[in-house]
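To keep things clear, I will list the structure first and then write my remarks on it.
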Amino acid sequence: MSEEKAKGLNRRDVIKGLATLPVAGVFAYSWYQKQKIDRMLKNAISDEVNLETEQMAFSSKPNNSQQIRLGIIGAGGRGRSLLKAAGFAEPRFIDDWKWQASQKKTDKRYEEYMQQEDLNLVLNGICDIYEGNAEKALKAGANQYRNGVDGKMGAEPKRYRTYQELLAADDIDAVIIATPDHWHGTITIAAAKAGKHVYCEKPMTWTIPETYEVRKVVKENNIVFQLGHQNRQTESHYKAKQAYEKGLLGKVNLIEVTTNRNSPGGAWQYHIPEDAGPQNIDWNQFIGPAPWHDFSLERFFRWRCWWDYSTGLSGDLFTHEYDAMNQILSLGIPEAAIASGGVYFYKDGRTVPDVLQMTFEYPARDLSLLYSASLSSNKRRGKLIMGHDAYMEVGGNLKLYVDSGSTKYKDKIKEGIIDPKLPLYSFTPGMKQVDAITSPTEQYFAGRGLLYTYRGGKRVDTSHLHIKEWVDCIRSGKQPSCDIDQGFEEAMTAHMGTVSYHENRKVFWDATKEEIV
Amino acid sequence: MRYSNTQLFWLVGLRVIIGWHFLYEGLVKLINPNWSSVGFLLDSDGPLGDFFQSLATYPDLLHWIDLLNIWGLIAIGAGLMLGFLSRMALVAGIVLLSTYYLSHPPFIGLKYAMPTEGSYLLVNKILIETIALVVLLLFPTSHRIGIDRFIFTEKEA
């Protein structure tokens with residue numbers, strides 16, 4: 001005994017020292033069993049899903065190509081954020097983002113902007129009919145070095161008083177059009193005729209006749225046209241398209257898209273600058289193709305509230321939803337549309353409705369597209385593509401759930417391999433890699449917007465990617481994702497809804513004559 | 001410190017099941033290529049919320065935080081389960097759990113995106129597990145039942 005003690009080890013010691021080892025054995029066995037079941041379930045699902053698992057790379061090419069000379073027509077809020085996306089942010093914003101980042105480390109706007117790819121553009125011309133907008137845009141245009149107010153600036157772009165003068169300039173190759181809706185078509189036509197490439201904000205047109213003209217002129221003049229639906233760059237939409245095309249959803253009969261907002265700004269009651277008035281707004285030019293109305297600050301700054309300048313919910317917000325669905329399902333123009341709604345909350349003199357329902361019929365595809373909007377409720381409803389076998393919720397991320405009544409997945413549901421309560425497939429941009437099953441916690445975070453959208457490890461602005469695609473196409477001669485044909489479909493579909501609303505009747509699309517009847 | 005057999009049995013039992021929990025939490029993170037602490041850190045709140053959120057903003061640091069979490073959980077778990085370097089494992093476990101608690105303290109008025117499976121007022125399961133580790137630190141067992149018996153024989157003699 002004493003000898004054994006001297007060695008420091010006896011049988012009792014060994015037993016006691018390793019007494020918990022069997023627990024480790026139980027752990028290892030349980031782990032093995034759990035992994036086996038998980039792997040079996042996962043393989044069974046992966047066989048079903050079979051989607052590409054790689055994420056979109058950031059297609060950054062060195063800009064040794066020729067510099068493209070830009071002009072912008074309409075440099076209000078949206079116009080200036082497009083300038084930022086093109087690489088021309090106002091110096092005051094740079095200072096502000098920098099300050100915000102110093103206050104809160106998670107505020108990445110400064111870093112994100114500084115990392116935004118240089119597209120090798122120069123902004124040579126600005127046209128805006130309100131001095132306040134023009135001044136801000138001139139400063140943005142001069143800020144090619146991405147500095148704050150006290151930093152080094154380049155030459156200011158030239159200020160044009162009319163779009164015709166800007167389009168006549170020799171030192172402009174391409175224009176961004178971000179005017180109110182009633183000018184989109186007219187200016188796009190003039191720009192195409194002048195041989196300038198066009199990036200036009202949505203919706204493509206304000207009236208039906210100009211829609212044909214825009215398409216004709218853009219095609220005749222061989223310009224590169226991109227409609228401003230930046231959703232075309234959203235990764236989850238590509239994944240949704242793949243899932244749909246692989247038939248994971250089964251037969252899709254109903255799509256539901258929505259708009260929900262609940263704030264004065266969301267309902268287009270924008271701020272009216274104190275210094276604004278007839279002395280610094282070219283009112284006659286604002287009116288343009290619209291019916292005459294005496295000068296009104298409200299109408300100038302909140303033009304989206306009046307049919308005289310706006311396309312209402314259908315053109316302004318439904319088009320975002322429609323274009324996403326057209327991107328995913330290649331819907332095209334519907335055969336019929338019916339709309340209803342009214343001015344129910346914002347009784348501020350506006351003529352466009354703040355509540356709108358529209359149904360678009362695609363009998364050849366056996367499906368209906370339903371749109372429902374309210375500007376006085378924030379209830380988030382998202383985009384739902386409903387198939388017999390599964391449904392998809394599409395947003396920044398993507399979730400695909402099997403339907404409990406599915407025929408295709410019936411056996412797997414029965415065997416317990418597929419649980420209709422859990423997503424069969426989910427995709428969260430920015431995750432290290434895509435997998436058929438991700439944890440509920442990750443999905444929860446993603447759903448709450450706590451994870452950012454990345455491309456190639458960098459957080460990027462979709463508008464920047466959309467402008468980049470346009471610019472790349474100008475250089476390569478290819479067609480961008482939201483080209484003139486997609487734009488034509490978008491405009492006509494939105495117009496069908498609007499005509500139905502105005503005329504209080506069901507309207508139809510005559511595909512042979514290409515007419516709304 | 002002398003324990004009765006029953007006391008020793010339950011103290012070792014507590015050590016082993018906490019070890020099990022740590023080990024499993026570490027291993028599931030290890031085999032999930034998508035796992036990252038970024039969501040948890042960004043969801044932080046309370047007096048140290050800004051600090052924990054700021055950790056998530058440095059990709060290089062985040063990489064180390066992820067590795068430290070995964071291997072820390074595994075090492076602590078195995079240590080507690082087998083009674084190997086238990087003292088070190090207990091201290092590390094207390095530190096790690098404290099950061100989890102402090103980043104998501106269930107204080108009155110704070111809300112998290114992180115789903116929880118129970119209802120908590122100041123005290124949550126992380127705090128209970130932390131205190132259980134403190135108790136185990138004060139009532140050591142690994143020098144009797146555990147690999148530490150082979151390492152620290154002289155001390156207990």
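Throughout, a chain's letter reflects where its sequence line sits, starting with A, and its residues are numbered from 1. The figures that follow rest on heavy atoms only: side chains count, while hydrogens, waters and symmetry mates do not.
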Answer with side chain, backbone, both or neither: which region of A:E111 has an atom nearer than 4.5 Å to a non-hydrogen atom of chain B? neither
Applying side chain to side chain contact (heavy atoms under 4.5 Å, CB included) to B:Y24 and A:K34, what does each step give before you reach the verdict? CA-CA 11 Å; B:Y24 187 65; A:K34 174 125 177 49; 3.1 Å; yes
More than 12 foreign heavy atoms under 6.0 Å from CZ of A:R261: is that the case here? yes
Heavy atoms of other groups near B:I108 CD1, more than 12 under 6.0 Å: no
Contact class of B:F84 relative to chain A, heavy atoms under 4.5 angstrom: neither
Would you find more than 12 non-hydrogen atoms of other residues, nucleotides or ligands less than 6.0 Å from B:Y3 atom OH? yes
For A:T20 and B:M81, work out which heavy atoms get closest and say how close. OG1-O, 2.7 Å
Under the side chain to side chain contact (heavy atoms under 4.5 Å, CB included) criterion, do A:V26 and B:W20 qualify, and how do the steps go? CA-CA 10 Å; A:V26 176; B:W20 180 298; 3.9 Å; yes
Heavy-atom proximity to chain A below 4.5 Å, by part of B:V28: both
Any chance CG of B:N5 has more than 12 other-residue heavy atoms, nucleotides or ligands included, within less than 6.0 Å? no
Point-to-point distance, once rounded to the nearest 0.5 Å, from CZ of B:R149 to CG of A:D13: 4.0 Å
Above 12 or not: heavy atoms from other molecules or residues under 6.0 Å from CZ of B:F9? no
Are there over 12 heavy-atom neighbours, none belonging to A:M114, within less than 6.0 Å of that residue's CE? yes
Taken to the nearest 0.5 Å, the spacing of B:T141 OG1 from A:K16 NZ works out to 12.0 Å
Rounded to the nearest 0.5 Å, how far does CD1 of B:I31 lie from CG of A:D38? 7.0 Å
